Structures are given as structure tokens and as C-alpha cells.
Protein chains: 2
Amino acid sequence: MKPLEQRIAGTKPKDVFRQIYLHGTVSRQQLNEEGPLTASTLTRTLDELAEGGWIREVGFGESSGGRRPILYEVQPRSGLLLGLDISRTGARLVLCDMQLRPLHTRTWPMDRELTPERLIGRVEACVNEWIGKTCSRDELLGLGVGAVGPLQAAEGIILDPLHFPAPGWGNVPIARLLEERLELPVLMDNGANAAIWGEYLTSEQKYAHLLYVNAGIGLRSASISNGQVIYGAADMEGSVGQMIIQTDGWPPRDPGGNYGSWESYASIYALERRAAAAVRMGRETSLAGRSEQGEVSFGILLEEAAKDDPVARELLQECATYFGIGLANLINILHPEKVVLGGPLVTGHPSFFRIATQVATRKTYHYPQYVPIFGTSKREDEAIAVGAAALLLRKLWS
Amino acid sequence: MKPLEQRIAGTKPKDVFRQIYLHGTVSRQQLNEEGPLTASTLTRTLDELAEGGWIREVGFGESSGGRRPILYEVQPRSGLLLGLDISRTGARLVLCDMQLRPLHTRTWPMDRELTPERLIGRVEACVNEWIGKTCSRDELLGLGVGAVGPLQAAEGIILDPLHFPAPGWGNVPIARLLEERLELPVLMDNGANAAIWGEYLTSEQKYAHLLYVNAGIGLRSASISNGQVIYGAADMEGSVGQMIIQTDGWPPRDPGGNYGSWESYASIYALERRAAAAVRMGRETSLAGRSEQGEVSFGILLEEAAKDDPVARELLQECATYFGIGLANLINILHPEKVVLGGPLVTGHPSFFRIATQVATRKTYHYPQYVPIFGTSKREDEAIAVGAAALLLRKLWS
DNA sequence: TATATTTATTTCAATTTGGAATTAAGATCA
DNA sequence: TGATCTTAATTCCAAATTGAAATAAATATA
């Protein structure tokens with residue numbers, strides 16, 4: 001088990017590898033112009049990387065007369081990356097090649113059974129199965145974990161994952177346990193940071209200032225500035241949800257939370273509460289017939305909205321509006337070039353994204369030079385797991 | 001006019017210079033442990049820096065038996081830095097030594113007279129005066145500008161400084177103009193970024209995750225993550241003020257602004273409006289007697305609050321509460337280790353800081369490992385100008 | 001086909017580097 | 001006060017790295 005940061009030897013090869021990675025496909029000229037290396041040093045470095053199997057020549061570029069430049073890209077099978085997503089709804093393990101294309105996926109629901117010990121066991125079994133099937137053991141570079149917070153990411157400890165059904169999830173040094181069992185390097189970060197990092201690395205267009213928001217039961221967000229994930233002193237992706245958008249507004253989900261928090265207005269939790277209230281108030285809606293003990297699940301609400309139930313649609317619209325307001329706040333603070341939205345709430349109904357981004361655009365302070373672009377997470381369900389795998393790359397070239 | 005980044009030759013000396021700068025005073029051992037340089041290379045680099053006059057030996061450190069290590073620090077007069085703060089209320093020019101201690105200051109009110117051309121003239125005259133008095137021309141390394149946004153900082157252009165009384169301030173390439181006139185390198189950033197950078201560099205304790213909020217007529221903020229100022233795609237320090245803390249709440253200051261924005265609840269502007277409303281409503285307060293055409297100025301409100309006028313105090317308290325709410329939102333998003341508050345609103349009345357931080361603490365999602373520290377800007381009025389001067393350092397060692 | 005242009009590779013002297021050995025300067029203890 | 005020990009700074013040299021120039025290769029153009 002060689003430490004990741006020693007897999008590629010020397011700072012120059014690492015830098016060049018990163019450059020090639022971020023470009024996708026590059027000529028020597030481009031590398032020369034951007035980086036500090038001279039032509040001869042670059043040749044030596046590229047040779048070294050090619051010899052180590054990290055990169056490959058992939059054809060020739062265009063040239064305005066004269067010899068055509070050789071193009072380089074990362075060798076997709078120079079290593080394999082494992083990514084594990086531990087969320088409130090389930091766990092997901094992904095095996096990716098070096099270009100972050102998923103080769104295999106497996107998911108487990110987060111139920112009463114899934115203790116940390118059992119999850120580790122299943123991950124191990126799954127990895128061993130894949131080793132037999134598609135790859136050898138020493139191709140695996142390591143495992144990245146994207147977990148729900150609060151965490152101590154650097155130490156690989158999940159501090160207190162609220163609302164996990166199985167016991168034993170408090171203060172688990174999950175990274176160390178996985179490291180020991182799998183005998184592979186393990187890195188950890190929160191899910192939102194992992195997702196945004198994966199999103200950044202896999203996007204064609206590299207927007208250096210990104211904002212990612214995942215809306216599900218709660219709200220999670222992360223951001224990138226100048227191509228680097230922004231870290232605070234604490235690792236709590238979920239605390240954006242505590243942002244107040246209505247001073248002394250609706251009550252919080254958890255006792256310690258804020259009245260009028262974003263989460264209490266724009267999340268699956270908020271929607272379900274509003275739906276239950278609508279049923280309780282006796283509003284004329286098909287939701288009433290489908291409620292169980294006065295509760296309406298998110299799934300049913302989506303179905304009824306798709307069937308054009310006016311109350312369901314109104315609730316979704318209201319939720320999207322509030323979501324847009326919180327989004328505008330984030331944009332006004334962070335000024336991203338691009339905003340990536342993900343999570344079941346955003347993808348559940350086609351109009352949600354449109355309404356939310358319209359509201360956000362209207363409430364954002366903008367002038368001609370600055371207009372943020374909105375988009376949805378491409379990989380959606382796999383975003384966190386793939387991003388977690390991508391954490392390893394950062395270490396590889398650090 | 002040598003480019004700043006070429007003043008110190010070579011990446012190693014630059015790195016070491018930065019390290020010494022950030023430490024204040026260091027031994028060779030510490031530099032050795034942190035940086036990648038070996039003992040012999042470090043000796044060579046330190047010699048080079050000492051020869052160039054950038055650093056000096058300053059005494060000996062402690063040792064547990066044996067020879068005591070030599071301590072190094074930056075030579076305060078290895079250069080002089082100019083900082084210019086262009087704000088809505090006035091302009092301020094500061095001359096600092098390399099340890100960012102101000103040697104001279106001059107201020108000009110932002111009135112009808114202060115066109116860009118005239119400001120440049122005054123700055124030039126002032127610099128020439130200082131050159132005669134305390135320093136030689138070639139000691140000056142350059143001029144840093146901290147201006148109100150929106151800007152194009154990299155290009156040194158002030159796009160559209162709202163509410164400047166003098167004409168001619170739209171789309172001014174102020175950095176280029178100053179560069180031509182002074183024949184010195186000029187760098188520019190927004191005032192909040194400048195202030196937080198200065199605050200970071202001059203603080204004893206280097207908190208790597210900082211948040212700075214300046215509350216005056218409007219609200220300006222900036223933040224540092226991992227020792228680096230966070231930049232977005234746009235340069236608009238003032239747009240935090242557009243953060244919504246009360247959906248469809250009080251009306252905005254400017255037509256394009258948001259209803260219920262932080263700025264419309266927690267700024268001098270908001271306070272004055274509330275005070276005027278209180279007088280209009282005929283509340284029993286000494287503010288009524290001191291109002292002019294129904295308007296109450298911030299200064300008078302502070303005076304009456306100091307005299308224990310209940311309405312004035314209530315208004316301040318209300319304002320501080322809302323300020324604390326917005327602050328909590330920022331903290332929940334950015335998780336700073338330390339929060340630095342500045343501006344006339346914060347320093348105007350002793351209770352404002354206390355109330356605001358209490359509210360912010362209560363509304364912040366925290367767990368035992370994370371409790372942000374609050375403090376006020378040390379240099380207060382000079383913070384932006386000194387920070388602007390400090391921008392030059394970043395270039396010097398880049 | 002010759003020439004110009006652009007890119008890739010090789011070569012070699014000059015510089016830079018890392019480590020070991022040496023020197024220097026306290027601190028401790030008898 | 002002097003011997004011994006500990007740690008820091010300096011010096012020196014072989015080995016590695018580097019940058020620039022020269023050469024080679026491939027393509028477009030006349």
C-alpha cells in the first residue's frame with residue numbers, strides 16, 4: 001500500500017500530470033506556455049510520465065504549417081479509483097477509471113441493518129468481487145469517501161450523522177477502518193465537496209468559480225473558487241440549510257435549528273410538512289385521498305403534481321421560489337460563474353429548476369459583465385460517489 | 001519602474017520571503033521544516049535575501065541545550081508601500097513600511113469636487129511631498145488601490161461607483177491612470193478584499209479562515225479560506241447587502257435591489273429610515289426635536305442613544321439583531337475561524353457589537369468542535385488603505 | 001522539388017542541489 | 001573554570017538537474 005502522493009515521483013511530473021488532466025488533451029506547446037517548465041525539461045517529464053504508464057500519446061494536433069504537435073492525455077487505465085457515498089438515504093460504491101468514468105456501481109439502502117461494521121464488510125466483499133471480474137488488486141489506487149456531516153474530514157471521522165437509522169454511527173473513524181480492511185489509501189470529505197470536485201473535473205468547460213447545491217431532505221452546498229474547493233474551519237455542508245430567509249418564519253426541522261431557515265422553506269422536509277398542512281386544512285386536492293395518517297410523502301406529491309393537481313403544483317412552486325431566494329443569497333455572496341443544482345427536489349419536477357433559477361436570477365445583484373449560468377448535475381445519483389473517487393486525484397498530484 | 005514580481009529574483013527567495021513575512025520572526029529550523037528547501041539551499045537563499053536588503057537577522061531563539069538559532073525577520077525599510085482607499089465617504093492615502101506600519105496618512109472627503117482626475121492629482125502631490133520628507137523615490141515599491149465596486153479589479157477599472165457625488169467616475173481605468181502619473185506599479189482590488197488581506201497579514205494569530213464584514217451606509221464583505229482571499233467571477237463586495245433575510249420584507253434602497261435584503265435591515269441607511277419613520281409616527285423620543293425635515297442622521301441617532309433615548313436605543317438594538325442574523329447566514333455558509341467586524345455602524349455604539357455577535361452565535365449551527373471568534377477591525381479607518389498597500393506584497397512574492 | 005515554417009529531439013556546458021563533514025556556539029555538570 | 005554534550009551554521013564536493021543551442025523531422029507553400 002504505497003501512499004498516493006508517492007505514486008508519481010517528483011513535483012514536476014505531478015504538475016504536468018495535473019495540467020494534462022485538467023485539459024483533457026494537450027500539446028506540448030500548451031503545457032510549455034502555461035507551466036514554468038522549459039521545452040527540454042518538459043520532454044524529460046513527459047517521457048517519465050509515459051514510461052510510468054500515466055499518460056499516452058493520442059494523436060496529432062493542428063499546426064499552421066510545419067510538423068504537427070503530439071497530443072497527450074491521461075491513460076484511463078493507469079489506475080482505478082473507488083468512490084463511496086454515504087448519505088442519509090443510502091450508500092453507493094463506484095469503481096472509476098482515471099478519467100472518472102464509472103465502470104461498476106453498487107448501492108445499499110440506509111436501513112436499520114446498515115451499521116458501520118456491516119457497510120465496511122459489504123464494501124470489502126464488493127471490491128473483492130470486482131477485483132476478480134475486471135481489474136487486478138494493484139490497479140486500485142485507493143478509496144475516496146463522501147459522507148454526510150458534521151465530519152472531521154482530515155481525520156476521516158463521521159462525528160454525528162443525524163437521522164441514520166442503524167446504530168453505531170456516532171464518532172466512527174470510518175476512514176481508518178476502511179483503510180485497515182481494504183489495505184488501500186482512504187480519503188474523506190463531505191458529500192457536497194466531493195460532488196462539486198467531481199463536477200469540476202469532469203466538465204468540459206472548466207468554470208473556475210462554481211457553486212453546487214444539493215436539495216433533498218436537507219440542503220447541502222459547496223463551492224469552488226479559482227479551481228480550488230473552499231474549506232471553512234468546520235466541515236458542515238448542511239449548515240447552509242440554517243441560513244435564515246425569513247426572520248422568525250416557519251419553525252425548524254430540528255430543535256436546535258433556526259426559525260425561518262432555508263431548509264424549513266425549501267426541502268423535501270418542508271414540502272411534506274406543507275402538504276400535510278394543506279390536507280389538514282381540508283383544501284380540495286387529490287393529495288387528501290393519498291395521505292397516510294395525514295402525512296403526504298414527497299413521491300406522492302410529485303405524482304399528483306405530474307397529474308396537474310393544483311395544490312401539489314402550488315406547493316412545488318412555492319418551494320421552488322423559496323429555493324431560488326436562498327440560491328440568490330449564495331450567489332450574492334460567492335459570485336459563481338456557474339451554479340450546479342442536484343438532488344431529488346431539483347430533478348423531481350420539471351418546473352422546479354425553471355422557477356428556482358428564474359427567482360434566483362431576479363434576486364441576484366447583477367451588472368452586464370456578470371451573469372451566472374445554471375445547470376443540473378450531470379451524473380446526479382452518482383455525483384457524490386464519483387466525486388469521492390476524484391478526491392484521490394487531488395492527493396495523487398499534490 | 002521594475003515590475004513588482006521581479007523585485008525579488010527567483011521562486012525560492014520569494015517563497016522564503018513570504019514564509020518569513022507570515023511568521024513575523026522565524027528561525028532557519030522552522031523554515032526548513034515547513035518549506036521544501038534543504039539546509040544548504042536555505043542558507044544560500046537567506047544569504048541572497050539578506051544581501052538584497054529584504055530581511056535581517058534580529059537575534060537568537062531558544063534552544064534546549066546547544067547553540068541558539070538565528071532569528072530572521074523582514075527588513076521594515078526594504079521598501080515602502082502606498083495604499084489608496086477610495087470609498088463613498090472619502091479617499092485615503094497611506095504610506096506604509098514593509099511591516100505594514102503606517103508612516104503617513106492623508107484623507108480627502110468624497111465631495112462634488114473630487115473627480116478622478118483631481119484625486120490622481122492630489123495623490124501625486126501628496127506622494128511627492130512624502131518623497132521629499134521621509135523617503136526616496138526608489139524606496140517606493142508601488143501603490144495598491146482598494147475601491148468600492150463593482151470593479152474589474154484585474155484591469156484596474158472602476159465600473160460604476162454608485163452614489164459618488166463628483167462626476168466622471170463611471171468606467172474609469174483608475175489603475176492605469178495612476179500608473180502613468182506616478183510611474184509606479186499599481187494594483188487594485190475591492191475595499192473589503194483589501195481590508196481582510198491587511199487584517200490577515202497584520203494579525204498576530206494567523207487564522208486561515210477569516211470573514212470580514214464592514215457595515216456602514218451599505219454592507220461590504222470578504223473572506224479568506226486557507227490563507228487565500230476568495231474571489232468570485234465578479235468583483236462586488238457590496239452584493240452581500242442584497243442577501244434576503246426577510247422574503248418580501250422592507251423595501252430596498254435602490255430600485256433594482258431586493259425587498260427584505262440585509263442592507264435594508266442592517267445598515268446606516270436602514271437605521272436612518274427607521275428613525276425617520278419613528279419620528280413620523282409621532283413616537284415619544286428626543287429624536288423628533290433633532291430631526292431636519294423629518295430626517296434623522298446616523299450621528300444624531302448615536303448621540304441620542306448615548307443619552308439613553310429609548311427609541312434610539314431600540315432602533316440600534318433592532319438593527320444589531322438583524323445584522324447578527326445576516327452574519328449568522330454568512331457564518332453558516334463559510335465557517336470562518338474568526339469574524340472581523342468593522343465600519344461606523346459596528347463601532348458607533350458599544351452595545352451593537354455585543355448584540356450582533358450574540359444573535360449570530362445563537363443562530364449559527366455549531367457543534368463542540370466549531371465556535372467562531374468575533375473581533376473588531378484593529379485599524380478601523382485605515383484598514384482598507386493599509387490592506388490595499390498589502391496587495392503589493394502578494395505580487396511581490398508571487 | 002526547393003524553401004520556409006513549425007515542432008521534436010539531442011547534446012553539452014553551466015548551474016543547482018543534497019548530503020556529509022566540519023566548524024561554531026551555547027548549555028550542562030563536575 | 002574547564003570538559004563534555006547538544007544543536008546550529010557553514011563549507012565542500014560529487015551528482016543531478018537545467019537551459020539553450022544545434023540538429024532532425026514533418027508539413028505547407030511557392
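These numbers were taken from a predicted model, which means no experiment stands behind them. Every heavy atom of this structure was used, including side-chain atoms; hydrogens, water molecules and symmetry mates were not. Throughout, a chain's letter reflects where its sequence line sits, starting with A, and its residues are numbered from 1.
- Residue Asn32(B) contributes atom CG, which lies 10 Å from atom P of dA8(D) at whole-angstrom precision.
- For the pair Lys12(A)/Thr41(A), a side-chain contact is recorded, criterion being any heavy-atom separation below 4.5 Å from C-beta on.
- The side chain of Arg67(A) places no N or O atom within less than 4.0 Å of a non-bridging phosphate oxygen (OP1 or OP2) of dA28(D).
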- Step by step, work out the side-chain hydrogen bond (donor to acceptor under 3.5 Å, both in side chains) result for Arg101(B) and Thr202(B). CA-CA 9 Å; Arg101(B) 286 179 303 213; Thr202(B) 54; over 6 Å; no
- Output, in order, the C-alpha distance, side-chain angles, deciding distance and verdict of side-chain hydrogen bond (donor to acceptor under 3.5 Å, both in side chains) for Ser398(B) and Arg18(B). CA-CA 9 Å; Ser398(B) 76; Arg18(B) 191 187 64 237; over 6 Å; no
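- Applying the salt bridge (Lys or Arg N to Asp or Glu O under 4.0 Å) rule to Arg394(B) yields the partners Asp189(B); only residues at least two apart in sequence or on another chain are considered.
- Using a 4.0 Å cutoff to heavy atoms of chain A, the contacted part of DNA chain C runs 5' to 3' from dT5(C) to dT9(C).
- Between Gln29(B) and dA8(D), a side-chain N or O to OP1/OP2 separation shorter than 4.0 Å is present.
- Between Arg56(B) and Tyr72(B), the side chains place no donor N or O within less than 3.5 Å of an acceptor N or O (distance only, hydrogens not considered).
- Using modelled atom types, one finds a donor on one side chain and an acceptor on the other under 3.5 Å when comparing His23(B) with Glu34(B).
- Residues of residues 34-56 of chain A that place a heavy atom closer than 4.0 Å to DNA chain D, in numerical order, are Thr38(A), Ser40(A), Thr41(A), Arg44(A).
- A salt bridge is absent between Asp47(B) and Arg44(B): the closest approach of a Lys/Arg side-chain nitrogen to an acidic carboxylate oxygen does not fall below 4.0 angstrom.
- A parallel orientation is assigned to the rings of Trp130(A) and His104(A), their planes being inclined by less than 30° (bins at 30° and 60°).
- Summary of the strand contacts: Leu71(B) and Phe60(A) both lie near DNA chain D, and taking for each the nucleotide with the nearest heavy atom, the more 5' one is attributed to Leu71(B).
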